[in-house]
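So that the names make sense, note that chain A is the first sequence line, chain B the second, and so on, each numbered from 1.
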Amino acid sequence: MTGTRKIHVLIVDDDPLTRLMASEALRESGYTSVEAEDGLRALALFDSERPDLVLLDVMMPRLGGFDVCQHLRARPEGQLVPIIMLTGLDDGESVERAFQVGATDFISKPINWTLLRFRIRYVLRSAQVMQELVRNKESLSSAQRIARLGSWEWFVTEDRVQRSAQYYRLFGQQPETFGERMEALLDHVYKPDRPMVQAALKGAAKGLGYQLTYRVVWPDGSVRTVLETAEPAEGGVGLLLEGSVQDITEQVDTQRRIRQLAYFDPLTGLPNREFFRESLLSAVARCLRNDSRCAVMVLDIDRFARINDSLGPERGDQVLQVIGHRLRESMGDRTPAEPAGGGGLPRLKVARLAADEFGVLVSDVGPVDEVIEVAYRLLDVVRAPIRVPGQEITLAARVGVAMMPEHATEADALLKAAETALNRAKRSTGEQVALFSEEMKVAAFLRFTLEGDLRRAIGEEELQVVYQPIVDLNGPRIAKVEALVRWAHLARGTVPPPEFISLAEETGMIVPLTRAVIEQVCSDIVHMGDALPPDFRVSVNLSGVNFMDPQLIPTIRAVLGAAQVPPSRIEFELTETVLMRDLDYATTTLAQLREMDIRVAVDDFGTGYSSLAYLRRLAVNTLKIDRSFIGELHDSQGLAIVEAVIGLARSLGMDVVAEGVETPAQLEVLRERGCHLIQGYLFARPMSRQALLQLLAGGAAVLPQRAALRPD
Amino acid sequence: MENNKKMLDTASSPLAPQLAACEQPEVVLDLAVLMSLPGVSQRRDAPVLKRLLGIFVVETSRSVGLLQAALEHGDREQVGRLAHRMKSSALAIGALHLGTEARRLDSSLKAGSPLDPADGGIIAAAWRDARQALLDEGLLGADELRSIEASIGS
């Protein structure tokens, strides 16, 4: 029937005359035809030729027309083919029989050929409509199959249900095994969901529509999730409901996975910060509603980084898992790692907020003492020894506590308050549990405003780079300078560097801050130009955050390149703690810096984790003796340490710089021990670029403590 | 659709003269029927016409022979079948007299009437007339007819 292909007709008649006339008549109408002289031949030709229409004589030897018609209708591809039967002129019985066996139409003999042409056209057109209907029905059915959508109709009054074939498949059932009445559905519903479905059906029986997500159990025991929608329909007699059921297992699983990723910490399986925040939101709302109180505790493991460093990150992870488990147990938290079904977030108690920081939410608490008691109980739980293969370790922790409504009446503020209290506990030496206070709030507020101010100040005039000369006694001359950043806060005056540097490190602002410093240093180097001695370097401090920044090396290259400052003008200072955190990473990064001809100094040497092994391994050029040892040079122990460091540096072929040298006596001792690179107020305070230029121009002669120098 | 139906209704009217032919003395050969057969289109020289008539002559002369034999043998079923076929083909090409006789025989047998050996003669006579009419009209040559009949041994 389609497009350009000609309509193909099978003519079945034992009379050759009729066949010839019929084929001529069809040819004239633009059809093609094939002829069969008996019924058997007709069936064979039908299968091989796939005609669009059959002209079928009733009276034939062997297999009669009625039988042929029945045979054709029994074939899948014969169900819709139009069949026109050729009957006798006044043979009413045959006409009736023809329709019984499935003929589409009849025409009596002798055939009126004009009439035949019209009949053919007519039946072909109806067949086309029919086929389109069938195709629509089929595509609907396959659409339903693809969408895993089943449908049903419930004639409530008679409790009769018509369910689509796909409906049964959604339950892994056959029509015979499913059950007939509407209630039969319940047998296939996952038990915990049955009351819900039953209630929906009860309402439906009264004509109430519903939309419901529930789980069904397949005969093999597997559980799937379906979404069912039912609504009353316009029906004949009595109440009729129409419904559709869709399998949404995959969507639900995906949502659950997304939820798992979004709300749970993959390491400990505990709820994460986001989940904690949301739970806190509802807890706070509940408290306000019920006029009750709740508390938030934030617990931080002391020096957890050292566990990771000494035992390796995998063991560190195991330790966190143990702690997380213990905290949950202790708080009687039964929040499932993966909440079943729908519903809201279950009431959580313990969450992992950050690497080694856990949050605890206590609802409906009593007085403050009670909460503090809980905090100490948690500390005990952390303190209990943890066995890791090969050893037993003991941890300590600090807890910050904030309460609602005393300290805050909003979820975020409450959490923030607990974290502020925790910071206080961490900064103090003895306090293991700190309760939030108003004073903390003020300090925290100041810090907060300072944060905003610092963000604005970076790259502006408020932040200045100053230079403290490092004097080489063998000269004497200024061998290099250490670049230091000073913040002249517009409103608050000078902010002490430890305060804003630690703030910058905590907030990550240290990265842009350091970049701004390096840019300023480069600009100053260019500015000073030939005034700088050939091997003169400017030393810049890098924090741990800077050092771990993957963009560190590219940034340095970019900044130096842009300013056209040779790397041989630059030295970086890093503390040994930073270098020790990840030795492999440090080794690689320092090697890259050395390749660029940038030197590296170890700052505050002696205060941290001094290890000869790492000093050998790392491409370090200079050791800077921490000022605290210089201050103790009068003491024999202090002197011994300084001697040891100087000896170490010499044996490793490194330079050694003494920091914080303030007195001629200190200078004398250092000079005698062979430490000839001196930094400190004795010679020079940190100064501006202009002052440095003047100093360089004047040579050692302008050094203020010139008298103290006794060149050999 | 409505339009079609109308056409179907009017198209059925040409059946009327054929029905009327049952009661009146029939035309031996209705050229109007023959000339409006599919593929003929009023052309005496249409190739289809030759083929149709060829088949008609073969089929009918064979059927007439078989019918006479069946009547002699009292083979009612065979007589009925042959009469039915002859009726169809004769009426189809316009051999109305032969067709009507065959139809009468078919109907009377269906109505349960006994076999009448005289019918053999009646049918044979009607066939002869029809055959003669074809010759007279020049639709078939005498030679042609003979060779066709020879091929089926009648």
Side-chain angles (χ1 to χ4, degrees), chain A residues 9 11 13-31 33 35 37-38 55 57-62 64-65 84-94 105-129, chain B residues 1 3-19 21-22 30 33-34 36-41 46-60 62-63 77-78 80-96 99 103 106-107 110:
Chain A
V9 182
I11 303 164
D13 200 308
D14 59 333
D15 174 26
L17 200 60
T18 308
R19 292 204 303 270
L20 179 55
M21 289 188 289
S23 77
E24 278 302 315
L26 293 169
R27 194 182 52 76
E28 280 181 343
S29 294
Y31 306 144
S33 63
E35 298 170 31
E37 66 281 4
D38 63 53
L55 282 182
D57 186 30
V58 172
M59 289 271 282
M60 284 185 299
R62 290 169 76 188
I84 298 176
M85 293 206 77
L86 311 175
T87 63
L89 181 62
D90 44 5
D91 196 351
E93 202 182 310
S94 287
D105 204 348
F106 75 97
I107 193 159
S108 44
K109 284 182 168 179
I111 296 166
N112 177 323
W113 301 105
T114 312
L115 182 63
L116 178 69
R117 288 187 194 111
F118 281 116
R119 288 242 165 127
I120 287 177
R121 227 190 284 169
Y122 174 72
V123 296
L124 285 174
R125 195 178 301 169
S126 345
Q128 188 173 8
V129 171
Chain B
M1 206 66 98
N3 205 18
N4 264 350
K5 228 176 190 167
K6 245 185 198 153
M7 294 177 86
L8 287 177
D9 288 346
T10 50
S12 61
S13 60
L15 287 176
Q18 291 177 17
L19 285 166
C22 296
D30 187 339
V33 173
L34 192 57
S36 40
L37 284 180
V40 178
S41 323
V48 172
L49 185 59
K50 279 241 157 2
R51 286 176 59 205
L52 280 171
L53 292 177
I55 293 170
F56 175 68
V57 171
V58 169
E59 287 291 309
T60 315
R62 182 191 279 152
S63 294
E77 205 183 311
Q78 171 80 335
R81 195 158 42 231
L82 289 166
H84 182 84
R85 274 188 70 165
M86 212 182 294
K87 168 195 77 176
S88 294
S89 51
L91 289 176
I93 70 147
L96 298 187
R103 179 194 176 85
D106 181 36
S107 306
K110 271 185 185 147

Next on the checklist: For chain B, which candidate among A:Arg27, A:Glu28, A:Arg117 shows the most heavy-atom pairs at distances under 4.5 Å?
Outcome noted: A:Glu28
Checklist entry - What part of B:Arg51 gets closer than 4.5 Å to chain A, counting heavy atoms only: side chain, backbone, both or neither? => result both
Less than 4.5 Å apart, any side-chain heavy atom of [X] and any of [Y]?
X: A:Asp13; Y: A:Leu55; answer: no
X: A:Thr18; Y: A:Ile111; answer: yes
X: B:Ser89; Y: B:Glu59; answer: no

Next on the checklist: Can you tell me which portion of A:Leu17 sits under 4.5 Å from chain B's heavy atoms? Options are side chain, backbone, both or neither.
Outcome noted: both
Checklist entry - For A:Arg19 and A:Asp57, what are the C-alpha separation, side-chain angles and deciding distance, and is it a salt bridge (charged side-chain N to carboxylate O under 4.0 Å, His left out)? => result CA-CA 10 Å; A:Arg19 292 204 303 270; A:Asp57 186 30; over 6 Å; no
